[in-house]
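Source: prediction; values computed, not measured. Scope of the values below: all heavy atoms of this structure, side chains included, with no hydrogens, waters or symmetry mates.
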Amino acid sequence: IPEFYTAYPDAAITYSVVNTRYPRAEFDHDNIILDMPVELSVQVAGADVLTLALSLTVEGNMQHNNNVLSGQVTSATHTSSIKSSQIGNINVDDIEGVIDDILNNTVLPKINAVIVKGVTLPIDQ
């Protein structure tokens, strides 16, 4: 992203991904579709310089056994929009590749690490 490098040359960046509400789940036999709104913040020296709103949809294979849901994510899609930018006008299409890398190399493996172990579903009594 040229605007980012111009504003912060050689700066170390961090990012955080936060779920902004509970995901919506749709079950179909052994498959699940989760719609999750998330916020991705890019930070330099602890300050947000770019914040994105993502609508993340993940699909996966799931098993349900003794009130425990487990499985793995098999695919993900997303739409993105810029919430705020301290580095000027950014075209979201120019950063889709970066967003894909963050999702595929960080977010999805973390989701898989949790659901492979299994998530206990609440029981309504």
Side-chain angles (χ1 to χ4, degrees):
I1 307 170
E3 297 89 349
F4 187 86
Y5 187 76
T6 300
Y8 303 99
D10 300 320
I13 64 167
T14 58
Y15 62 89
S16 67
V17 179
V18 177
N19 211 21
T20 57
R21 70 166 168 74
Y22 289 109
R24 185 180 62 82
E26 182 180 321
F27 297 91
D28 181 24
H29 300 286
D30 291 339
N31 297 318
I32 186 171
I33 300 171
L34 293 174
D35 288 321
M36 303 183 302
V38 297
E39 187 172 281
L40 188 147
S41 298
V42 179
Q43 302 170 333
V44 174
D48 288 350
V49 295
L50 182 64
T51 304
L52 306 169
L54 303 177
S55 178
L56 177 63
T57 301
V58 297
E59 295 185 38
N61 299 319
M62 294 289 154
Q63 299 81 40
H64 181 251
N65 189 16
N66 293 329
N67 227 42
V68 175
L69 188 65
S70 61
Q72 72 178 43
V73 171
T74 56
S75 68
T77 58
H78 67 87
T79 57
S80 310
S81 63
I82 307 283
K83 278 187 75 175
S84 67
S85 172
Q86 302 302 314
I87 52 177
N89 286 338
I90 303 288
N91 183 345
V92 76
D93 293 336
D94 294 340
I95 59 174
E96 286 295 330
V98 175
I99 297 168
D100 289 340
D101 283 345
I102 291 170
L103 292 173
N104 291 329
N105 295 316
T106 305
V107 176
L108 297 179
K110 288 192 178 283
I111 292 171
N112 272 332
V114 171
I115 62 175
V116 162
K117 293 177 187 174
V119 176
T120 302
L121 299 174
I123 299 173
D124 187 18
Q125 298 198 14

Derivation of the side-chain contact (heavy atoms from CB on, under 4.5 Å) call for I13 and V49: CA-CA 10 Å; I13 64 167; V49 295; over 6 Å; no

With sequence neighbours excluded, residues passing ring pair (Phe, Tyr, Trp, His ring centres under 6.0 Å) with Y8: F4

N67 (side chain) donor-acceptor with T120 (main chain) under 3.5 angstrom: no

Under the criterion side-chain contact (heavy atoms from CB on, under 4.5 Å), I'd like the reasoning laid out for L54 against T79: C-alpha separation, chi angles, the key distance, then a yes or no. CA-CA 6 Å; L54 303 177; T79 57; over 6 Å; no

Nearest 0.5 Å, please: how far is OG1 in T74 from CG in N31? 7.0 Å

Hey, could you give me the CG/CD distance between L52 and E96, rounded to the nearest 0.5 Å? 8.5 Å

Heavy atoms only: give me the nearest N19-P23 pair and the separation to one decimal. ND2-CD, 3.7 Å

Give every donor-acceptor pair under 3.5 Å between a side-chain atom in residues 103-116 and any protein atom, sequence neighbours left out.
from, atom 1, to, atom 2, distance (Å)
N104, ND2, D100, O, 3.2
N105, ND2, D101, O, 3.1
T106, OG1, Y15, OH, 2.6
N112, OD1, V73, N, 2.5

Can you tell me how far the CD atom of E59 sits from the CD1 atom of I33, to the nearest 0.5 Å? 4.5 Å

Measuring from atom CG of L40 to atom NE2 of H78, what distance do you get when rounded to the nearest 0.5 angstrom? 10.0 Å

When every non-hydrogen atom of R21 is compared with those of P37, the smallest separation belongs to CG-CG, 3.3 Å

Counting only N and O atoms by type, is there a donor-acceptor contact under 3.5 Å from the side chain of N66 to the main-chain atoms of V68? no

If you measure from OG1 on T77 to CG on L56, what distance do you get to the nearest 0.5 Å? 7.0 Å

Across all chains, not counting sequence neighbours, the side chain to side chain donor-acceptor pair (under 3.5 Å) partners of Q43 are T14, D48

Please give me the minimum heavy-atom distance between Q72 and M62, naming the atom from each residue. N-CE, 4.2 Å

Of S16, S41, S85, the residue whose pairing with T51 passes side chain to side chain contact (heavy atoms under 4.5 Å, CB included): S41

Are V92 and Y5 connected in the hydrophobic side-chain network, where two residues link if heavy atoms are under 4.5 Å apart? no

T57 side, atom OG1; L34 side, atom CG - distance, nearest 0.5 Å: 9.0 Å

Considering all heavy atoms of both residues, which atom of G118 and which atom of S70 are nearest to each other, and what is their separation? CA-CB, 3.7 Å

